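First comes the structure, then the notes that go with it.
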Protein chains: 2
Amino acid sequence: MNKCESEVMSFPSDILSQEEQDEILREISDIPDVNEMVHILSNNSNINGENDFNEEKEYKDKIVIVVPANEHSIPPIISNILSNEEYPGPFEFEVDICPNGSKNPWVYSPPLNKIFMDMNSPFPVDFKIKNRPQNSLFIRVTPVYSLPQHSQDFVYRCINHEHPMETSNRNVKENVRQHIIRCSNSSAIYLGDKEKSQRLSVAIPLSLPQSGTESVREMFQFVCKNSCPTPGMNRRPIEAIFTLEDVSGHVLGRQTLRVRICSCPKRDKEKEEKEHSDNTRLPRGKKRKVEKSEKKPVASSDVDNKEYKLTLNIVGKHNAQQVLKYSHDLMAGEYIRHGSNGGEVYKNCLNGINNLMIFPTLK
Amino acid sequence: MNKCESEVMSFPSDILSQEEQDEILREISDIPDVNEMVHILSNNSNINGENDFNEEKEYKDKIVIVVPANEHSIPPIISNILSNEEYPGPFEFEVDICPNGSKNPWVYSPPLNKIFMDMNSPFPVDFKIKNRPQNSLFIRVTPVYSLPQHSQDFVYRCINHEHPMETSNRNVKENVRQHIIRCSNSSAIYLGDKEKSQRLSVAIPLSLPQSGTESVREMFQFVCKNSCPTPGMNRRPIEAIFTLEDVSGHVLGRQTLRVRICSCPKRDKEKEEKEHSDNTRLPRGKKRKVEKSEKKPVASSDVDNKEYKLTLNIVGKHNAQQVLKYSHDLMAGEYIRHGSNGGEVYKNCLNGINNLMIFPTLK
DNA sequence: ACACAAGTAC
DNA sequence: GTACTTGTGT
Ligand SMILES: [Zn+2]
Ligand SMILES: [Zn+2]
């Protein structure tokens with residue numbers, strides 16, 4: 001993932017708030033993987049919402065320096081602005097979008113470090129760390145507005161899509177509905193509450209990689225578009241901030257991925273890449289030939305006498321009858337031509353069509 | 001307002017339903033103007049939802065024949081499709097949009113008989129009748145979808161704008177919120193309930209004209225746009241049906257006004273007028289002056305354009321494809337012949353058949 | 001009023 | 001994938 005080039009000021013405000021900790025205690029007590037987190041949280045003295053700077057902690061057999069993202073600023077209060085600065089950290093935290101075939105409903109632009117996809121489309125994100133400690137680690141994903149004039153606003157869903165009857169909200173718990181990012185991981189914890197004017201994020205315990213691989217894949221999904229009306233994103237660009245955290249909420253790594261959720265991911269990606277290259281004045285002589293010829297090979301079987309069920313809507317009673325008549329003629333011709341040598345199947349078919357023609361199903 | 005030349009069959013379904021009558025009884029008991037209505041309603045024997053045809057009633061000193069819009073059909077059940085046929089009736093009921101200066105937030109197109117305005121913009125409508133009786137009369141305004149394939153759907157607000165926190169809903173009663181048409185008249189009665197799957201309308205007692213004038217002006221306002229997402233209008237055109245009714249809900253007059261609620265009324269009016277003149281110029285090479293108001297596409301029972309679902313078994317993939325092709329040809333022919341005036345249903349049908357032809361359901 | 005943005009139909 | 005529709009910012 002490319003370096004984040006944002007010039008937004010960032011503050012070390014990634015720590016869990018008291019409310020979030022309480023919420024975790026309530027929510028995840030039945031999740032084995034995070035029991036340790038619960039234990040530590042319940043004895044956690046660092047509850048005032050501030051990071052301990054340059055705090056030394058022991059992870060496995062390795063002493064690491066836990067540093068905040070920016071050392072040049074110590075705000076007196078917790079900032080609403082979340083840091084989005086790239087910070088691989090002691091475990092060389094990496095976040096990758098696997099390059100996808102054109103078949104996928106999402107598309108990634110390396111030059112923009114931006115993923116484009118439609119709403120409700122699941123997409124994979126690969127997480128990689130090195131020298132993994134014994135302690136439980138978590139990944140938190142927080143959507144934030146990219147533009148500085150909105151980065152202090154929290155990203156909520158629009159009224160429409162948050163509605164309980166929305167198809168995307170079937171069997172979705174009340175507190176999950178307000179989140180625009182969902183994770184398919186069943187241990188996912190949805191943090192924050194719009195009603196309490198809190199920033200929303202989703203956290204998952206970092207799973208162990210499948211043997212033979214170093215990365216862990218998680219599926220995510222956005223359930224609102226950038227174009228959703230206020231109080232939704234209202235056409236403001238966003239990015240997803242992935243933070244690697246320990247159970248106390250200390251940030252051990254951070255990566256950012258710009259995101260656009262829209263109806264035409266491909267078109268919009270090309271448009272943004274074009275204006276990006278225009279802006280940076282790096283004329284790319286890169287031609288792309290879009291090969292779109294996809295002719296399906298017509299396989300011809302030896303004997304074309306299998307039965308196919310057609311369900312089609314026809315406007316107009318007369319027209320529907322015409323279709324029936326045509327079907328009858330077609331089958332009758334075949335029946336006559338085949339005679340007793342394979343014509344039985346056509347005879348059955350004729351009977352079926354006959355019934356449709358005789359009985360007034362077309363009311 | 002131009003004459004409506006609809007050829008659509010219409011049903012006498014404008015009568016007040018029992019629920020509506022009950023609702024009126026509950027709602028307007030404190031409104032002096034309609035006390036008579038309440039009284040009569042409470043003793044009203046015509047509560048079965050059907051009109052009495054050619055019923056003789058005495059209005060003031062004049063005997064009038066109360067006729068339904070169309071006498072040629074007596075449907076056995078109440079239709080969901082509301083008549084939109086022009087019917088001046090015994091009192092020569094007129095509905096006028098006063099021509100406006102360019103300063104107003106709304107514009108009226110005489111050739112289209114259509115008003116264009118932004119959402120939440122109040123606009124005036126003038127009502128005129130002749131030989132006004134002593135009895136109380138009411139004006140009911142009902143929004144309906146213009147296209148036949150949607151005319152049986154009821155017009156509701158979108159989730160977004162129906163939300164209690166919406167600015168347009170400040171100090172607005174619960175049952176009013178769901179209506180897209182509001183009237184500034186304090187005696188307005190909002191009829192129907194979305195929760196009960198009823199059609200919504202607003203009714204007002206017809207005031208007495210100011211001395212020296214013959215018409216009564218009322219201010220209305222639409223609080224959703226045509227472009228509002230489902231379950232809102234979802235870009236489907238609508239019209240407002242104004243019915244003059246007596247206290248029993250008998251229709252004594254009817255006028256229709258097409259409506260478009262959008263962000264750029266002027267632009268969209270010019271665009272629609274342009275394509276209207278394009279459409280009317282081409283088919284008739286010679287005629288120019290006579291046609292001043294267009295035919296309106298409406299649902300009609302004596303037109304053979306309902307959709308029928310056929311489920312038939314065909315032997316042979318090729319034959320199945322032939323049936324599909326034939327169906328496609330049949331619908332395509334209809335579509336071409338109907339054009340934009342009623343061809344939409346065939347287009348939808350074609351899409352369905354297309355999908356069957358393109359996707360290898362025939363495996 | 002114009003040009004752009006972004007969802008949708010074809 | 002193209003073109004149109006329609007809201008929004010300037
Ligand atoms: Zn949304
Ligand atoms: Zn709306």
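Note that this is a predicted model, so its numbers are computed, not measured. Chain A is the first sequence line, chain B the second, and so forth, proteins listed ahead of strands; every chain is numbered from 1.
The side chain of A/Cys264 lies closest to C/dT8 when the candidates are D/dT6, D/dT8, C/dT8. When distances run from any side-chain atom of A/Lys271 to the nucleotides D/dG7, C/dA5, C/dG7, the shortest one goes to C/dA5. Taking only side-chain atoms of A/Lys266, from C-beta outward, the nucleotide of D/dG1, D/dG7, C/dT8 with the closest atom is D/dG1. The side chain of A/Arg267 lies closest to D/dA3, out of D/dT5, D/dG7, D/dA3.
Side-chain contact annotation: B/Asn120 with B/Arg182, donor-acceptor N/O pair under 3.5 Å absent. Using modelled atom types and a 3.5 Å distance limit, the side chains of A/Ser109 and A/Arg260 yield no donor-acceptor pair. Donor-acceptor pairing under 3.5 Å is recorded for the side chains of A/Asn84 and A/Glu239.
For B/Arg260 and D/dT5, the CZ to C1' distance is 8 Å, given to the nearest whole Å. The nearest whole Å value for the distance from the CG atom in A/Asp118 to the C1' atom in C/dT8 is 12 Å. Nucleotide D/dC4 holds its P atom 11 Å from the NZ atom of B/Lys274, rounded to whole Å. Rounded to whole Å, atom P of D/dT5 lies 18 Å from atom NZ of B/Lys269. Rounded to whole angstrom, the span from the CG atom of A/Asp268 across to the P atom of D/dG1 amounts to 13 Å. B/Met117 has its CE atom 14 Å from the P atom of D/dG7, to the nearest Å. Following rounding to the nearest Å, A/Lys225 (NZ) and D/dT8 (P) show an atom-to-atom distance of 15 Å. Taking atom CE of B/Met119 as the reference point, atom P of D/dT8 lies 10 Å away to the nearest angstrom.
Here A/Lys194 pairs with A/Glu162 in a salt bridge; the nearest charged N to carboxylate O distance falls below 4.0 Å.
For a distance-only test at 3.5 Å, the side chain of A/Arg235 fails to qualify as a donor-acceptor partner of the base of D/dG7.
A/Phe123 and A/Phe220 have tilted rings, their planes meeting at an angle from 30° to 60° on a 0 to 90° scale.
Closest-nucleotide positions on DNA chain D for B/Glu272 and A/Asn234 were compared, and the one nearer the 5' end corresponds to B/Glu272.
Residue B/Ser263 is classed as a base contact, given a heavy-atom separation below 4.0 Å to a base.
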